[in-house]
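In what follows, a single structure is set out as structure tokens and then discussed.
Order of the sequence lines sets the chain letters (A, B, ...), proteins ahead of strands, with each chain counted from 1.
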Number of protein chains: 2
Amino acid sequence: MEPSRSRGASASRENLAQRIYEQIKLDIFNFRLLPGDRFSENEVAERMQASRTPVREALLHLQRDGYVDVLYRSGWQVRPFDFKVFENLYDVRIILEISAVKRLCEMETPPPALADLKRIWLVSAAERLDDGGTVSALDERFHEMLVEATGNAEMALIHHGITERIRIIRRLDFTKGPRIEATYTEHGKILRAVLQRRAEQAQMLLKTHIEESKAEVRKITLHMLHTARRPLDDKAAD
Amino acid sequence: MEPSRSRGASASRENLAQRIYEQIKLDIFNFRLLPGDRFSENEVAERMQASRTPVREALLHLQRDGYVDVLYRSGWQVRPFDFKVFENLYDVRIILEISAVKRLCEMETPPPALADLKRIWLVSAAERLDDGGTVSALDERFHEMLVEATGNAEMALIHHGITERIRIIRRLDFTKGPRIEATYTEHGKILRAVLQRRAEQAQMLLKTHIEESKAEVRKITLHMLHTARRPLDDKAAD
DNA sequence: GCATACCATCTTGTATACAAGTTGGTATGC
DNA sequence: GCATACCAACTTGTATACAAGATGGTATGC
């Protein structure tokens, strides 16, 4: 689930705090914990069958990631949605990815990662996948691999952080069939442009592609928040 | 020392873990803790007159920041210098700041922050400061404010993280007088270009400016590491 | 009925205790 | 003298205990 940060590699098999961290993050992603929800460390500890110590460690980690906030001696809260934040993150994504694509076009030998992407995205209509979840994950990897392919590991790490952060709303983009189709065609165009070293065109296509996704997700998220439940009470309004 | 992340604002006055976090970071910045040094949570706890709990919290925070590593049940270690990492971070800085400057040039009304910068950097030769530490701090703020002025708070946060991360070697750039002078003239040129909406020129100047700093710092750091002490043992070589 | 003061309960922040595992030194066998 | 096995001390990871403060409900005064 978090392939980066692997340094000790195999050491990750046992670490209660990290497991709890991942679990809570999943709970937030799957809307078992809704934005604005409040909870205590003891509640989580009971649910996870653990003590407060690793729970607290996980929560502090999530806080730094921007998912939750601690209220001084008064519990924790899932950070309410702030569309301004998501739009800002989308814009940073655009900046990083456009820069990555430009760099890729300027490289003498195309990185092997591009060949991998070709095998996934430049396929016949019959070979295309149609499961929203799968395509959503592949979409994430497409954009991450563009950045990784430049060889700047730190940029890739920062981009990965942004990707994780906006995943919660980005997935909603792939609940509709037409968006999946569009993703295939647009990714294909971008890839072709990169492989042909058409930097300007690739950047333009990529920018448009991300901005469409941004606009689409905004609409869907607003709708979702209205229908699913009232996740924002009066308090969240001020 | 870390003005961002202020939400509860005044609540920050009392938090042992945060104080320890800042203290250890300073110890690393001031080379009281050298890259490669190993230490235990108990050692830090004694030095800080605290228990392991807040110490551990601070160390986990620092680990996520990239300053230290935990060795499985065998102590902590100040992460050894990795110049590739610093150069990558410098490159991300260039990407973010160039994009910020471009956006600033495209804005109809220049943000008030630019006026503040003018008062600091567009001054007569007599009014220029010459203390390395002060100018170094102002230099950080110059670049951060360029990003903040775009209004993208998330980009500013990411940029701030990078700034903190490279501060340890960036400061070394301002131990020499000529570099301070050059900073004044280059910042002045960049500011003037931005105020005149000459996007291309501003971007070019900024890129050159950061790359010079990057090259300079690289030389100085190498020299410093050789003279100060042998901080890298055989283990760090592989 | 309404406002206010108080208190039991719950919250995080910190300290301490315990568990499991690593490590380096020492004694032992040869 | 050298290699090996063992063990005591130390390390992080986790659980529990304690401290200080926030909060919401209730009783009291009017």
Side-chain angles (χ1 to χ4, degrees), chain A residues 2 5-24 33 36-79 233-236 238, chain B residues 2 5-24 33 36-65 67-79 233-236:
Chain A
E2 195 157 54
R5 292 238 161 245
S6 63
R7 193 168 267 252
S10 66
S12 67
R13 71 182 175 290
E14 48 187 353
N15 198 325
L16 194 45
Q18 281 182 25
R19 267 196 33 225
I20 295 174
Y21 166 81
E22 297 291 351
Q23 184 56 53
I24 298 177
L33 281 173
D37 277 359
R38 291 175 67 164
F39 57 92
S40 75
E41 295 174 3
N42 276 322
E43 282 174 43
V44 180
E46 267 191 61
R47 273 219 324 266
M48 302 289 182
Q49 307 257 43
S51 79
R52 274 184 57 212
T53 308
V55 168
R56 190 173 162 74
E57 189 176 310
L59 287 175
L60 290 167
H61 191 162
L62 287 164
Q63 182 185 33
R64 262 195 65 73
D65 285 352
Y67 294 108
V68 298
D69 274 318
V70 58
L71 288 70
Y72 185 63
R73 237 159 260 232
S74 168
W76 293 76
Q77 179 180 39
V78 182
R79 193 173 288 187
D233 50 14
D234 307 343
K235 242 179 249 160
D238 60 1
Chain B
E2 195 156 54
R5 293 237 161 244
S6 64
R7 194 168 265 254
S10 66
S12 66
R13 70 181 177 289
E14 48 187 353
N15 198 325
L16 195 44
Q18 281 182 26
R19 266 195 35 223
I20 296 174
Y21 165 82
E22 299 290 351
Q23 184 57 53
I24 299 177
L33 281 173
D37 277 359
R38 291 175 66 164
F39 57 91
S40 76
E41 295 174 3
N42 275 323
E43 282 174 43
V44 180
E46 268 190 61
R47 273 218 326 265
M48 303 289 181
Q49 306 256 44
S51 79
R52 274 184 57 215
T53 307
V55 168
R56 190 174 163 73
E57 188 177 311
L59 287 174
L60 290 167
H61 191 162
L62 287 164
Q63 181 184 34
R64 263 196 63 73
D65 285 352
Y67 293 108
V68 298
D69 274 319
V70 59
L71 288 70
Y72 184 64
R73 239 158 258 234
S74 169
W76 291 77
Q77 179 180 38
V78 182
R79 193 172 287 186
D233 50 13
D234 307 343
K235 240 179 255 164

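Comparing D:dT12, C:dT16, D:dA22 by their nearest atom to the side chain of B:Val70 picks out D:dT12. With D:dT12, C:dT12, D:dA22 as the candidates, the nucleotide lying closest to the side chain of A:Arg52 is C:dT12. The B:Leu16 side chain lies nearest to C:dA15 when the options are C:dA15, D:dG13, D:dA15. For B:Asn15, the listed nucleotide lying nearest its side chain is C:dT14; candidates were C:dT11, C:dT14, D:dT12. The side chain of B:Glu43 has D:dT11 as its nearest neighbour among D:dT11, D:dT12, C:dT12. In the set D:dG13, D:dT16, D:dG21, D:dG13 carries the atom at the smallest distance from any side-chain atom of B:Arg56. Ranking D:dG21, C:dT11, D:dT11 by closeness to the A:Asn42 side chain, first place goes to C:dT11.
Residue contacts shown for A:Ser40 are limited to sugar-phosphate atoms, with no base heavy atom under 4.0 Å away.
Protein atom CD of A:Gln49 is 15 Å distant from nucleotide atom C1' of D:dT14, rounded to whole Å. Separating the CD atom of A:Gln77 from the C1' atom of D:dT23 is a distance of 16 Å, rounded to the nearest angstrom. In this entry the distance linking CD of A:Gln63 with P of C:dT12 reads 12 Å, nearest Å. If you take CG of B:Asp69 and P of D:dT11, they are 18 Å apart, rounded to a whole angstrom. Going from atom CD of B:Glu57 over to atom C1' of C:dT12 covers 11 Å, rounded to whole Å. When the P atom of C:dT11 is taken as reference, atom CG of A:Leu60 falls 17 Å away, rounded to whole Å. The OH-C1' distance, from B:Tyr72 to D:dG13, rounds to 8 Å in whole Å. At whole-Å resolution of the value, CD in B:Glu41 and P in C:dT16 are 15 Å apart.
When all heavy atoms of B:Ala45 and B:Val55 are compared, the closest pair comes out as CA-CG2, 3.6 Å. In plain terms, the two heavy atoms of A:Leu59 and A:Val68 that are nearest each other are O-CG2, 3.7 Å. When every heavy atom of B:Arg79 is checked against every heavy atom of B:Gln63, the shortest pair comes out as NH2-O, 4.2 Å.
With a cut-off of 3.5 Å on both pairing distances, the Watson-Crick or G-U wobble partner of D:dG29 is C:dC2. The partner of D:dA19, taking Watson-Crick or G-U wobble pairs whose two distances both stay under 3.5 Å, is C:dT12.
When each of A:Pro54 and A:Arg73 is assigned the nucleotide of DNA chain D bearing its nearest heavy atom, the one mapping closer to the 5' terminus is A:Pro54.
Of the residues listed (B:Arg47, B:Arg73, B:Arg52), the one engaging B:Glu41 in a salt bridge (charged side-chain N to carboxylate O under 4.0 Å, His left out) is B:Arg52, and it is the only one.
Phosphate contact (OP1/OP2 of D:dA15, side-chain N/O of A:Ser51, threshold under 4.0 Å): present.
Open room surrounds CD on A:Glu46; 12 or fewer heavy atoms of other groups in view lie less than 6.0 Å from it.
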